[in-house]
Amino acid sequence: MPELPEVEVSRLGLLPELAGRIITGAVTRTPKLRYPLPRNLGKRLTGARLANIRRRAKYLLFDIDHLSGDRTATLILHLGMSGSLRIVTPDTPPQIHDHVDIAFGDKVLRLRDPRRFGALLWHDNTTPIEDHPLINVLGVEPLEDLFDGAWLHGHLRKRSGPIKPVLMDSHMVVGIGNIYAAESLFLSGISPLRSAQKISAARCDTLADAVKQTLSAAVAAGGSSVRDYVHSDGGAGCFQLQCAVYERAGEPCLGCGKPVRKIRQAGRSTFYCPNCQK
DNA sequence: AGGTTGACCTGTCAGC
DNA sequence: TGCTGACAGGTCAACC
């Protein structure tokens with residue numbers, strides 16, 4: 001799925017097209033994705049305004065105002081494993097797996113999600129969005145200053161398991177999925193098998209920097225388009241072309257030339273170089 | 001309590 | 001050609 005960079009690239013692509021615009025209609029074509037979709041979405045949204053699009057972890061938060069009675073609401077969107085957002089013209093016929101449309105006059109925001117692991121939830125802003133049960137369990141944002149080597153070292157103390165699944169634990173730090181966990185560990189020279197609590201303070205500094213560098217580079221490259229992911233204009237990201245280890249099993253390591261190894265950890269594929277990562 | 005596994009769902013590809 | 005199984009960017013609930 002989209003990890004943090006893909007979600008952020010989506011947000012940056014949608015913002016100039018849609019922010020501030022009035023919603024002219026909305027359609028849902030399936031009763032549920034991961035959770036049931038908001039009912040009567042068209043009725044609720046028509047005439048309201050999309051004020052802003054924010055991101056928290058891998059969630060996009062669509063701030064809606066000018067609702068009847070001058071209320072505000074937030075649409076919480078998660079792209080799951082295979083979701084993507086596109087802007088299309090109103091006469092573009094929906095294809096299979098195009099589950100939601102939100103229309104803005106001459107532009108339509110369309111959600112496609114073949115595997116339907118995504119989510120779209122309505123949050124009326126009678127309570128802060130930070131208190132929402134899906135949001136209030138989320139850990140620190142990796143690109144914020146709070147996330148650094150000292151913070152990471154403090155949090156890894158209690159984790160005896162291998163570092164790679166820990167790095168992907170959104171209750172600790174958000175936004176790092178399978179691709180960027182592998183790439184960050186390669187960049188920092190740390191084995192994905194190493195016990196999290198046995199990583200020194202100095203190497204935690206290196207790892208925190210590697211995470212920030214990897215995610216930032218991926219945003220700059222427009223994200224990774226490994227299978228389904230595309231931008232709001234239908235174009236592909238190109239970070240996957242810079243991947244050092246992800247999906248490169250058996251190919252020569254870019255550091256030492258020895259073959260990249262693929263193993264399984266916590267049910268997910270892990271790619272790494274046993275020679276460069278200790 | 002932390003770690004692992006299965007479940008959710010569809011599409012694709014390798015192997016027979 | 002057609003079937004079967006494995007696997008795919010996430011995350012939650014259920015188990016040890």
Side-chain angles (χ1 to χ4, degrees), chain A residues 1-10 29-37 55-60 76-85 95-99 111-121 132-139 142 154-185 192-198 211 214-215 217-219 221-231 236-243 245-250 262-271:
Chain A
M1 135 34 305
E3 304 182 31
L4 185 151
E6 292 74 36
V7 178
E8 181 64 10
V9 167
S10 293
R29 302 190 186 84
T30 184
K32 69 183 281 278
L33 296 173
R34 185 187 221 323
Y35 306 108
L37 292 178
R55 181 187 59 73
R56 173 72 172 104
K58 296 171 188 168
Y59 292 93
L60 286 175
I76 303 172
L77 176 80
H78 197 293
L79 294 173
M81 203 82 137
S82 59
S84 59
L85 290 166
Q95 296 178 30
I96 188 169
H97 307 313
D98 285 344
H99 304 304
L111 171 64
R112 176 174 301 177
D113 185 6
R115 291 179 71 184
R116 291 195 256 143
F117 288 166
L120 181 66
L121 295 152
H132 189 281
L134 290 177
I135 306 294
N136 70 7
V137 295
L138 296 171
H155 279 78
L156 295 187
R157 299 186 99 83
K158 340 158 198 173
R159 309 294 294 263
S160 60
I163 180 62
K164 196 246 187 176
V166 173
L167 213 49
M168 293 173 66
D169 180 359
S170 63
H171 301 105
M172 184 184 81
V173 55
V174 301
I176 307 170
N178 209 29
I179 296 178
Y180 301 114
E183 293 300 313
S184 299
L185 286 167
L193 296 161
R194 175 167 291 276
S195 167
Q197 63 191 186
K198 290 185 179 163
V211 166
T214 302
L215 295 176
V219 173
S224 299
S225 294
V226 177
R227 286 169 192 86
D228 305 322
Y229 174 76
V230 291
H231 298 167
C238 59
F239 185 79
Q240 71 280 4
L241 302 175
Q242 324 176 10
C243 281
V245 287
Y246 185 76
E247 295 236 305
R248 293 194 63 244
K262 178 181 182 176
I263 60 171
R264 205 144 187 92
Q265 285 182 295
R268 313 295 299 275
S269 290
T270 295
F271 300 85

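Proteins get letters first, then strands, A, B, ... in listed order; numbering begins at 1 in each.
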Checklist entry - Roughly how many Å is it from CZ in Arg157(A) to C1' in dA1(B), rounded to a whole number? => result 18 Å
Checklist entry - dT4(B) C1' sits how many Å from Ile163(A) CD1, rounded? => result 17 Å
Next on the checklist: I need the NZ-C1' distance between Lys32(A) and dC12(C), as an integer number of Å.
Outcome noted: 13 Å
Next on the checklist: Taking any heavy-atom pair under 4.0 Å as a contact, classify Tyr35(A): base, sugar-phosphate, or nothing.
Outcome noted: sugar-phosphate
Next on the checklist: Looking at dG10(C), I'd like to know if its phosphate oxygens (OP1 or OP2) sit under 4.0 Å from a side-chain N or O belonging to His78(A).
Outcome noted: no
Item to check | Minimum heavy-atom distance Leu33(A)-His99(A), with the two atoms named | outcome: CD2-CD2, 3.5 Å
Checklist outcome for this item: Separation of dT10(B) atom C1' from Met81(A) atom CE, nearest Å, is 12 Å
Item to check | Comparing Lys158(A) and Gly267(A) on DNA chain B - which has the more 5′ nearest nucleotide | outcome: Lys158(A)
Checklist entry - Taking atom types as modelled and ignoring hydrogens, do the side chains of Gln265(A) and Thr270(A) form a donor-acceptor contact shorter than 3.5 angstrom? => result yes
Item to check | Sugar-phosphate, base or nothing in reach of Arg159(A), heavy atoms under 4.0 Å | outcome: sugar-phosphate
Next on the checklist: Checking Lys158(A) now: which residues fulfil side chain to side chain contact (heavy atoms under 4.5 Å, CB included) with it, not counting sequence neighbours?
Outcome noted: His155(A)
Checklist entry - Of the nucleotides dA8(C), dG10(C), dT4(B), which has the atom closest to the Glu3(A) side chain? => result dG10(C)
Item to check | Over all atoms of both residues, closest heavy-atom pair of Ala57(A) and Arg55(A) | outcome: O-NH1, 3.0 Å
Checklist entry - Has the side chain of Ser170(A) got a donor or acceptor atom that lies under 3.5 Å from a matching backbone atom of Leu138(A)? => result no
Checklist entry - Ignoring hydrogens and angles, are the base of dC9(B) and the side chain of Arg115(A) linked by a donor-acceptor pair under 3.5 Å? => result yes
Item to check | Nucleotide of dC12(C), dT11(C), dC9(B) approaching Leu134(A) most closely (side-chain heavy atoms) | outcome: dC12(C)
Checklist entry - At under 4.0 Å between heavy atoms, what does Tyr246(A) touch on the DNA or RNA strands: base, sugar-phosphate, or nothing? => result sugar-phosphate
Item to check | Nearest-angstrom distance from the residue atom CD of Gln265(A) to P of dA8(C) | outcome: 13 Å
Item to check | Value in whole Å for how far the P atom of dC9(B) lies from CD1 of Ile96(A) | outcome: 15 Å
Next on the checklist: Would you say Ser82(A) places a side-chain N or O within less than 4.0 Å of OP1 or OP2 belonging to dG11(B)?
Outcome noted: no
Checklist entry - Which residues pass the side chain to side chain contact (heavy atoms under 4.5 Å, CB included) test with Val9(A), sequence neighbours left out? => result Val219(A), Tyr229(A), His231(A)
Item to check | Donor-acceptor pair, side chain of Gln242(A) and main chain of Phe239(A), under 3.5 angstrom | outcome: no
Checklist outcome for this item: Of the listed dT11(C), dA8(C), dT10(B), the closest approach to the Lys58(A) side chain comes from dT11(C)
Checklist entry - Roughly how many Å is it from CZ in Arg268(A) to C1' in dA7(B), rounded to a whole number? => result 14 Å
Checklist outcome for this item: Among dT10(B), dC12(C), dT5(B), the one nearest any side-chain atom of Arg116(A) is dT10(B)
Next on the checklist: Can you work out whether Ser224(A) or Val137(A) has the more 5'-proximal nearest nucleotide on DNA chain C?
Outcome noted: Ser224(A)
Next on the checklist: What stems show up for DNA chain C when you take Watson-Crick pairs (N1-N3 plus N6-O4 or O6-N4) and G-U wobbles (N1-O2, O6-N3), both under 3.5 Å, and require three or more consecutive pairs?
Outcome noted: B:2-8 with C:10-16, B:10-16 with C:2-8
Next on the checklist: Treating Asn178(A) as the side-chain partner and Ser269(A) as the backbone partner, does any N or O pair qualify as donor plus acceptor under 3.5 Å?
Outcome noted: yes
Checklist entry - Rounded to whole angstrom units, what separation is found between the CZ atom of Phe117(A) and the P atom of dG6(B)? => result 15 Å
Next on the checklist: Let's see if you can work this out: which of dC12(C), dG3(B), dA8(C) has an atom nearest to the side-chain heavy atoms of Arg34(A)?
Outcome noted: dC12(C)
Next on the checklist: Please confirm whether the shortest side-chain N or O distance from Arg264(A) to OP1 or OP2 of dA8(C) is below 4.0 Å.
Outcome noted: yes
Item to check | Nucleotide of dC12(C), dG10(C), dA8(C) approaching His171(A) most closely (side-chain heavy atoms) | outcome: dC12(C)
Next on the checklist: Classify Ser170(A) by what it touches in the nucleic acid, base, sugar-phosphate, or nothing, heavy-atom distance under 4.0 Å.
Outcome noted: nothing
Checklist entry - Which sits closer to the 5' end of DNA chain B, Pro114(A) or Val166(A), going by the nucleotide each is nearest to? => result Val166(A)
Next on the checklist: Testing the basics here: between Leu79(A) and Ser10(A), what is the closest heavy-atom pair and its distance to 0.1 Å?
Outcome noted: CD1-OG, 4.4 Å
